[in-house]
Amino acid sequence: MIVSSLQNVTQTFGANTIFSDMTCEIKQGERIGLIGRNGEGKTTLLHLIARKTEPAAGTITWKKGLTVGLLEQMPDIDGDKKIEALMYDVFTSLNELKKNMTELESAMAKETNPDHLTRLIEKYGSLQEKFQEDGGYEIDSQIRRIMSGLQIEDLAEKEWRQLSGGERTKVGLAQLLLTAPDLLLLDEPTNHLDLLAIEWLTDFINQYKGTVVIVSHDRYFLDETVTSIFEMDQGELIRYFTNYSDYVKEREARLLQEFQQYQDQQKKIKKMKETIKRLKEWANQANPPNDGLHRRAKSMEKALARMEVMKRPILEQKKIDLDFQMNKRSGKDVILMENVVKSFVEKKLFSDLNLHVRFQERIAIIGENGSGKSTILNMILGTERADKGMIHLGSNLSIGFLSQHMLEMDGERTILDEFRDQVHVTEGDARGILAKFLFYGKTVFQKVKSLSGGEQMRLRLAQLVHQDHNLLVLDEPTNHLDIESKEVLEEALDQFAGTIIAVSHDRYFLDRLFPVTYWLAEENLTRYEGNYSFAREKRSI
């Protein structure tokens, strides 16, 4: 059964067309991954399906009575309510039923007329039965299960206005999952989740009874949750009935086939044009001119005009140009942390932490949100001090830091000025470099604060590449990047001759690049001589 259908839908933003004539169907029970480069219109499409906006042209239909829930990248909830209260607010109809039941309980306690009391008891029984059927007695356990799975139990007594952006996203996700809509639309749901929460959400989606559409750049998450892929590419929507990994193979085969068909058609068109030209020449050279040859040429021209000319398939999209260099090597021992203790007022992070990083090692630091991963990076960078213990940085060390929060960038500067603040080159050279990171023409004069998360990450990468560091410290470097940009980053890091320390929740990124894993749990680091999947398996034994 079709739950939503788009027919020839076009959407615009100002004078720009985001996509046009888009047609697709979403069927009941499907789990769809919606992918594409940043800026293709994935979020816009979700907003249309969620009835948040109207299309510029075309029609969208929904199954009668369909409930649709959308997780936005940055939910905005008004008010100063506590988070636990926001969870209970989700159950609007059940809350109303409970209120009516409470009022009847009060009325029954005061009623002295037997006949009136009987009617009140019968009404109360009906409400109670409805409350039970709709899961009213399971609300508490549902809230506990979802808050626990998303690891937000400790936010229960906090007010919405006190939360960080990541915490707000998780609370918004919890509310959405509690509403259990028929059609669940998730926009980058794993962005602020740690690995355990991602695994929990994966299981939740796989057991979900409704239909799910997920916008995500998390390749493992897509493989584990979706059964088909919608690819948005240059305004077109192409469907693949498979998971992400098989989609990559099918897409490559499709593009090669389309390119071959395009080449064959171009050869045919060229041959037809040459034939038309010859027929006209022969007809004009005849004495008298040959009308039959003219008619044949005219007929062939009409056939050529009726031909639907294929667009040239783009086998390779423009990608950022990444090539990390280092101007000098560091000493053999890059980082040495021994018996480090670190506490904040509300929490003890480490009691006896040890970390040893050698030249050219690639180290991943894994742990739950709040366990202290970013604090370890900050101690390496010198922005946090240990309470006790020793932290030694190796000789000739030049550290490049990539932060998920972009706090080191000035939002009021232009892209060009921000780049040149860190990389001292002429304006012409800077614009040439920025073009390699897909900042073309006048876009270099945009303010940094106007950039999307992915664009800010590209700008920071442009700076890092041209600073020649020998140690890269990466805090969630793949956040906000589309899949193609992630792949370019992975290839560049794979060729880097220096040392890399990374905190990440991207399991594909971790498994591909980091043969050493430090797992942070229970105030200590444990070293595993293997990638994330290896360490995860060892910890589950």
Any luck finding a side-chain donor-acceptor pair between [X] and [Y] under 3.5 Å?
X      : Y      : result
Tyr244 : Arg219 : no
Asp115 : Thr118 : no
Arg31  : Tyr208 : no
Tyr88  : Asp140 : yes

Taking [atom1] in [X] as the centre, count heavy atoms belonging to other residues, nucleotides or ligands within less than 6.0 Å. Is the count above 12?
X      : atom1 : value
Glu133 : CD    : yes
Glu522 : CD    : no
Gln446 : CD    : yes

What I want to find out is whether [X] reaches [Y] closely enough, with some N-O distance under 4.0 Å, to be called a salt bridge.
X      : Y      : value
Lys42  : Glu40  : no
Arg512 : Glu490 : yes
Arg144 : Glu138 : no
Glu30  : Arg239 : yes
Glu111 : Arg119 : no
Lys98  : Glu96  : no

Would a distance-only check, ignoring hydrogens and angles, find a side-chain to backbone donor-acceptor pair under 3.5 Å from [X] to [Y]?
X      : Y      : value
Thr211 : Gly29  : yes
Ser216 : Leu222 : no
Asp194 : Asn369 : yes
Thr383 : Met379 : no
Ser106 : Glu103 : no
Asn339 : Asp352 : no
Asp482 : Ser485 : yes
Thr17  : Phe19  : no

Check: After noting the C-alpha distance and the side-chain angles of Arg539 and Glu537, does the key distance pass the salt bridge (charged side-chain N to carboxylate O under 4.0 Å, His left out) rule?
Finding: CA-CA 5 Å; Arg539 292 184 66 83; Glu537 185 178 345; over 6 Å; no

Next item on the list: List the steps, then state whether salt bridge (charged side-chain N to carboxylate O under 4.0 Å, His left out) holds for Lys373 with Asp475.
Entry: CA-CA 9 Å; Lys373 302 183 300 296; Asp475 188 5; over 6 Å; no

Checklist line | Worked check of salt bridge (charged side-chain N to carboxylate O under 4.0 Å, His left out) between Lys82 and Glu159 | finding: CA-CA 4 Å; Lys82 290 186 177 180; Glu159 295 177 355; over 6 Å; no

Next item on the list: Identify which one of Ile365, Ile363, Ile366 satisfies the side-chain contact (heavy atoms from CB on, under 4.5 Å) criterion when paired with Thr517.
Entry: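 Only match with Thr517 under side-chain contact (heavy atoms from CB on, under 4.5 Å): Ile366.
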
Next item on the list: Give, for atom OG1 of Thr414 and atom NZ of Lys447, the distance between the pair rounded to the nearest 0.5 Å.
Entry: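 The OG1 atom of Thr414 sits 9.5 Å away from the NZ atom of Lys447.
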
Note to self: Tell me every residue that passes side-chain hydrogen bond (donor to acceptor under 3.5 Å, both in side chains) with Ser533, counting only those two or more places apart in sequence or in another chain.
What the structure shows: Asp511

Next item on the list: Determine, for Phe344 and Lys342, whether the Lys NZ or Arg CZ falls below 6.0 Å from the six-membered ring centre while staying within 45 degrees of the axis.
Entry: yes

Margin query: I want to check something: taking the side chain as every heavy atom from C-beta on, are Trp160 and Lys81 in contact at a cut-off of under 4.5 Å?
Written below: no

Notebook entry, point to check: Would you call Ile205 and Phe221 a side-chain contact if the rule is heavy atoms closer than 4.5 Å?
Noted result: yes

Next item on the list: Can you label the angle between the Tyr532 ring and the Trp519 ring as parallel, tilted or perpendicular, going by 30° and 60°?
Entry: parallel

Item checked: Chi angles and distances behind the ring pair (Phe, Tyr, Trp, His ring centres under 6.0 Å) call for Tyr528, Tyr518 -> CA-CA 6 Å; Tyr528 296 90; Tyr518 274 93; 8.9 Å; no

